[in-house]
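When reading the values below, keep in mind they use all heavy atoms of this one structure, side chains included, and skip hydrogens, waters and symmetry mates. We count ligands from 1, going down the list as the structure has it; atoms in each ligand are counted the same way.
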Amino acid sequence: MGYISVRDLHKSYGQDEILKGIDLDINQGEVVSIIGASGGGKSTFLRCLIDLETIDKGEITLPEKNKMGMVFQSFNLFPHMTAAQNIMESLVVVDKMDKKEARKIAENLLEKVGLKEKADVYPKTLSGGQKQRVAIARALARNPEVLLFDEPTSALDPEMVNEVLNVIESLREENKNITMIIVSHEMNFVNKVSDRIFVFEKGKVKDIINNLENRKNY
Ligand SMILES: Nc1ncnc2c1ncn2[C@@H]1O[C@H](COP(=O)(O)OP(=O)(O)OP(=O)(O)O)[C@@H](O)[C@H]1O
Ligand SMILES: [Mg+2]
């Protein structure tokens, strides 16, 4: 059994069965991508992993929930909070961390994603790529072991895609223990960063592509 294991996962919306028995294992430190047709259940699958959906049947084994971070297509930043406050929120509210300490972590993370000077601005003044980099910094705040990305660049203008993909790649380079599950249509990126690629089709894992050749060249 893997670090992350999914067995016979089923999920329906009403009469519509979206996930029809997903089985997969992911090792710690692995970067895997999920590809497949639109409407095939990729987002539903990620939401099941972090408990945003109740599952109908099956079993999911994961690290504790507070070890998981997720980045959404639409950023989901809190609009009434600055970039730094967005990042500090879970540290202060959930972990009861001292605000000064949380602020320091937020500043370090903003620097890591190239947005040091944006700590005190509100999301509405940021570009899409900048918002997504803040969202990535926020997902990193509690030092997750697992990061989930649901099409992190598909809401972005083309010229902003690379700044976000480069940040994800550099996280990977810095921390080989971090496990990533990435849903993306950016096939060049997927081929470059993934150890394995899961192909979803009709609610099942149709194929698993071992991407070792590409990793060697990476
Ligand atoms: N909350 C919901 N209630 C009802 N149906 C839903 C809900 N969420 C998703 N669906 C349906 O489930 C199916 C799978 O959706 P999902 O978003 O998981 O697909 P996806 O593979 O992520 O697609 P895309 O590549 O377009 O993001 C779709 O037919 C969608 O309409
Ligand atoms: Mg989706």
(request) State, yes or no, whether a side-chain contact exists between Thr125 and Lys131 at a heavy-atom distance under 4.5 Å. (result) no
(request) Give yes if a backbone or side-chain nitrogen or oxygen of Gly36 is under 3.5 Å from a nitrogen or oxygen of ligand 1, and no if not. (result) no
(request) Within a distance under 4.0 Å of any heavy atom of His185, pick out the atoms of ligand 1 and give their elements. (result) 25 (O)
(request) May I ask you to test the Gln28-Ile4 pair for a side-chain heavy-atom distance under 4.5 Å? (result) no
(request) Evaluate the side-chain proximity of Val134 to Val113: yes if any heavy-atom separation is below 4.5 Å, no if none is. (result) no
(request) Measure from atom 15 (O) of ligand 1 to every heavy atom in Thr44, Leu19, Asp16 and give the option owning the shortest one. (result) Thr44
(message) Measuring only between side-chain heavy atoms, which start at C-beta, is Leu62 closer than 4.5 Å to Val146?
(response) no
(message) Among all protein heavy atoms in this structure, tell me which lies nearest to atom 11 (C) of ligand 1, with the distance rounded to 0.1 Å.
(response) Tyr13 CD1, 3.8 Å
(request) For the Mg ion (ligand 2), decide whether Thr44 has an N, O or S atom at a distance under 2.8 Å. (result) no
(message) Yes or no: does Ser154 have any heavy atom under 4.0 Å from an atom of ligand 1?
(response) no
(request) Please confirm whether Ile18 comes within less than 3.5 Å of ligand 1 when only nitrogen or oxygen atoms on both sides are compared. (result) no
(request) Could you grab the distance from atom CD1 of Ile182 to atom CD1 of Ile35, nearest 0.5 Å is fine? (result) 12.5 Å
(message) With heavy-atom distances below 4.5 Å as the criterion, would you say the side chains of His10 and Leu19 are in contact?
(response) no
(request) May I ask you to check whether Glu53 has an N/O atom sitting below 3.5 Å from an N/O atom of ligand 1? (result) no
(message) Testing the 3.5 Å rule here: is there a donor-acceptor pair between the side chains of Asn211 and Ser194?
(response) no
(message) Within the 4.5 Å heavy-atom criterion, are Leu9 and Phe45 side-chain neighbours or not?
(response) yes
(request) Do me a favour and list the nearest non-hydrogen protein atom to atom 29 (O) of ligand 1 with residue, atom name and distance? (result) Gly39 O, 4.1 Å
(message) Do Glu30 and Thr179 pair up side chain to side chain, a donor and an acceptor below 3.5 Å, judged on atom types alone?
(response) no
(request) Give the residue and atom name of whichever protein heavy atom lies nearest to atom 19 (O) of ligand 1, and the separation in Å to one decimal. (result) Gly41 N, 3.2 Å
(request) Considering the heavy atoms of Glu151, write down every atom of ligand 1 situated less than 4.0 Å from one of them. (result) 24 (P), 25 (O), 27 (O)
(message) Please list, in number order, the atoms of ligand 1 under 4.0 Å from a heavy atom of Ala37.
(response) 21 (O)
(message) Is it the case that ligand 1 has an N or O less than 3.5 angstrom from some N or O of Lys42?
(response) yes
(request) Tell me which protein heavy atom sits closest to atom 17 (O) of ligand 1, plus the residue, atom name and distance to 0.1 Å. (result) Ser43 CB, 3.7 Å
(request) For atom 13 (C) of ligand 1, state whether the nearest protein heavy atom is under 4.0 Å away. (result) yes
(message) Regarding Asp120 and Thr82, do their side chains bring together a donor and an acceptor under 3.5 Å, going by distance alone?
(response) no
(request) Answer yes if a protein heavy atom lies under 4.0 Å from atom 1 (N) of ligand 1, otherwise answer no. (result) yes
(request) Report the part of Gln73 in contact with ligand 1, treating N, CA, C, O as backbone and CB onward as side chain, heavy atoms under 4.0 Å; options are side chain, backbone, both, neither. (result) neither
(request) Starting from atom 26 (O) of ligand 1, locate the nearest protein heavy atom and write down its residue, its atom name and how far away it is, to 0.1 Å. (result) Ser38 OG, 2.6 Å
(message) If the threshold is 4.0 Å, N to carboxylate O, is there a salt bridge linking Lys11 and Asp16?
(response) no
(message) Pairing donors with acceptors under 3.5 angstrom, does anything connect the side chains of Tyr122 and Gln85?
(response) no
(request) Of the side chain and backbone of Arg47, name the one, both, or neither that has a heavy atom under 4.0 Å from an atom of ligand 1. (result) side chain
